[in-house]
Amino acid sequence: MARRKSAARENHDRWLVSYADLVTLLFAFFVVMFASTQTDKTRAKQISEAVQKALHEGSTPPKVAAILGGTVDDKGRGNAMLRGPALSQPEKTPELAAFPHALNLAAAGELLRSKLAREIEQGSVEVHVEERGIIIGLNAAVFFPSGGDTIDERVYPTTAKVAAVLNQLPNALRLEGHTDSLPINNARFRSNWELSAARSIAMLRLLNERYGVDRRRMAVVGYADTLSADSNDTEAGRRKNRRVDIVIVSDFGMRAEPGQPPPAPTADKGGP
């Protein structure tokens, strides 16, 4: 009599194969995610180190210069707001389009504050950011003699620091002279208008002739006492009003500058 074959034993562990495949896929996914985050950390670390080097050593490496608008790479990337008007503007992302100026000007302003920290503490220089650009305010009482336009040679090291930054940025520059409201009438100047303009011209010549700042980038303005920074009723206020501002003009500020094409003339519709 033939022996009955034993029935094949049913395998209840086949689900482990599918489970192992799922675990393998999850492991591969998290490995890829981890690798991508490590790449971002490496790039962030490189940029952070470059910024720290610029602030402590007074130099602007290419990565930071590209951020601040001092250079343009082969893809046209750079700071649209801090570059000069003749350079092409990169395409703005929707997030940056709403605030095209303040973010990048603030970064360059912090770089200037770092280089001029001692002068700012002593009250001879002020640095602040406006929509029209970065304003470097030079205290006239420190830079010029009373009622004169000759720049004191003792402030040349300070001027050299300012010029080093100006030479790294391609922006247009405005040299704006200001005085207090006390009238002046000496052998050289008949009014505060002449004094404020003369001091601006003196600073322009120093930046150009001694430190090589391109004179084609600079413009001179004399405001006299018409744009006071403080009240002229006190000596402290008048001292603050006597200044020469070096303005690193943003692209927004350039819209008010001359050199733009005039509007097209309208057709003559007749009349007397």
Side-chain angles (χ1 to χ4, degrees), residues 54-60 64 68 70 82 102 104-169 171-180 195-213 217-225 227-232 234-250 253:
L55 293 177
H56 288 89
E57 299 181 7
S59 61
T60 306
V64 179
L68 298 183
L82 276 183
N104 297 318
L105 280 178
E110 286 302 319
L111 181 61
L112 278 164
R113 291 188 187 98
S114 175
K115 296 177 73 68
L116 299 169
R118 185 178 65 178
E119 289 80 1
I120 292 174
E121 183 179 359
Q122 294 173 345
S124 59
V125 176
E126 291 184 359
V127 177
H128 62 277
V129 177
E130 298 178 0
E131 192 169 22
R132 68 188 184 113
I134 301 174
I135 316 299
I136 308 170
L138 309 178
N139 188 336
V142 176
F143 283 78
F144 300 93
S146 178
D149 64 336
T150 303
I151 300 175
D152 193 328
E153 293 184 1
R154 290 174 295 182
V155 301
Y156 281 7
T158 299
T159 312
K161 293 179 184 180
V162 174
V165 175
L166 299 182
N167 280 326
Q168 293 182 51
L169 300 173
N171 302 61
L173 307 171
R174 285 170 58 99
L175 301 146
E176 302 176 347
H178 301 268
T179 68
D180 59 28
L195 176 61
S196 62
R199 285 177 171 175
S200 298
I201 293 171
M203 185 57 63
L204 180 150
R205 294 188 61 182
L206 180 65
L207 292 173
N208 172 247
E209 297 173 3
R210 188 177 183 88
Y211 302 109
V213 179
R217 299 171 54 197
M218 296 187 281
V220 168
V221 183
Y223 283 112
D225 63 330
L227 291 179
S228 300
D230 206 333
S231 172
N232 280 300
T234 65
E235 176 54 34
R238 290 191 293 270
R239 184 166 54 250
K240 188 173 182 179
N241 290 333
R242 297 190 293 265
R243 68 196 188 278
V244 172
D245 289 339
I246 300 175
V247 183
I248 303 174
V249 185
S250 68

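We're numbering straight along the sequence, starting at 1. This is a predicted model, so every value here is computed, not measured.
Within 6.0 Å of the CD atom in Glu235, the count of heavy atoms belonging to other residues, nucleotides or ligands exceeds 12.
A distance of 4.5 Å separates CD1 in Ile136 from CG in Leu112, rounded to the nearest 0.5 Å. Remark: Ile248 CD1 to Ile134 CD1 distance equals 4.5 Å, nearest 0.5 Å.
By the 4.5 Å heavy-atom criterion applied to side chains, Val221 and Val247 are not counted as neighbours. Residues Leu116 and Val165 fail the side-chain proximity criterion, which asks for heavy atoms closer than 4.5 Å. Contact annotation: the side chain of Tyr211 never approaches that of Val162 to less than 4.5 Å [non-hydrogen atoms, C-beta and beyond].
A salt bridge links Glu176 with Arg132: the distance from a Lys NZ or Arg NE/NH1/NH2 to an Asp or Glu carboxylate oxygen falls below 4.0 Å.
Take Arg205 and apply the salt bridge (charged side-chain N to carboxylate O under 4.0 Å, His left out) test, not counting sequence neighbours, and it matches Glu209. Residues satisfying the side chain to side chain contact (heavy atoms under 4.5 Å, CB included) test with Ile151, not counting sequence neighbours, are Phe144, Val155, Tyr156, Ala202, Met203, Leu206. Listed by chain and number, the residues in a side-chain hydrogen bond (donor to acceptor under 3.5 Å, both in side chains) with Thr158 are Glu119 (sequence neighbours excluded). Scanning for salt bridge (charged side-chain N to carboxylate O under 4.0 Å, His left out) contacts around Asp152 gives Arg154, with sequence neighbours left out. When the side-chain hydrogen bond (donor to acceptor under 3.5 Å, both in side chains) test is applied to Asp149, the partners found at least two apart in sequence or on another chain are Arg188. Shown here are the side chain to side chain contact (heavy atoms under 4.5 Å, CB included) partners of Asn232, two or more places apart in sequence or in another chain: Asp180, Ser181, Ser228, Arg238, Asn241. For Glu126, the side chain to side chain contact (heavy atoms under 4.5 Å, CB included) partners are Lys240, not counting sequence neighbours. Ala197 meets the side chain to side chain contact (heavy atoms under 4.5 Å, CB included) test with no other residue; sequence neighbours excluded. Thr150 meets the side-chain hydrogen bond (donor to acceptor under 3.5 Å, both in side chains) test with no other residue; sequence neighbours excluded. With sequence neighbours excluded, no residue forms a salt bridge (charged side-chain N to carboxylate O under 4.0 Å, His left out) with Arg210.
Ser250 contributes a side-chain N or O that, together with a main-chain N or O of Glu131, makes up a donor-acceptor pair within less than 3.5 Å.
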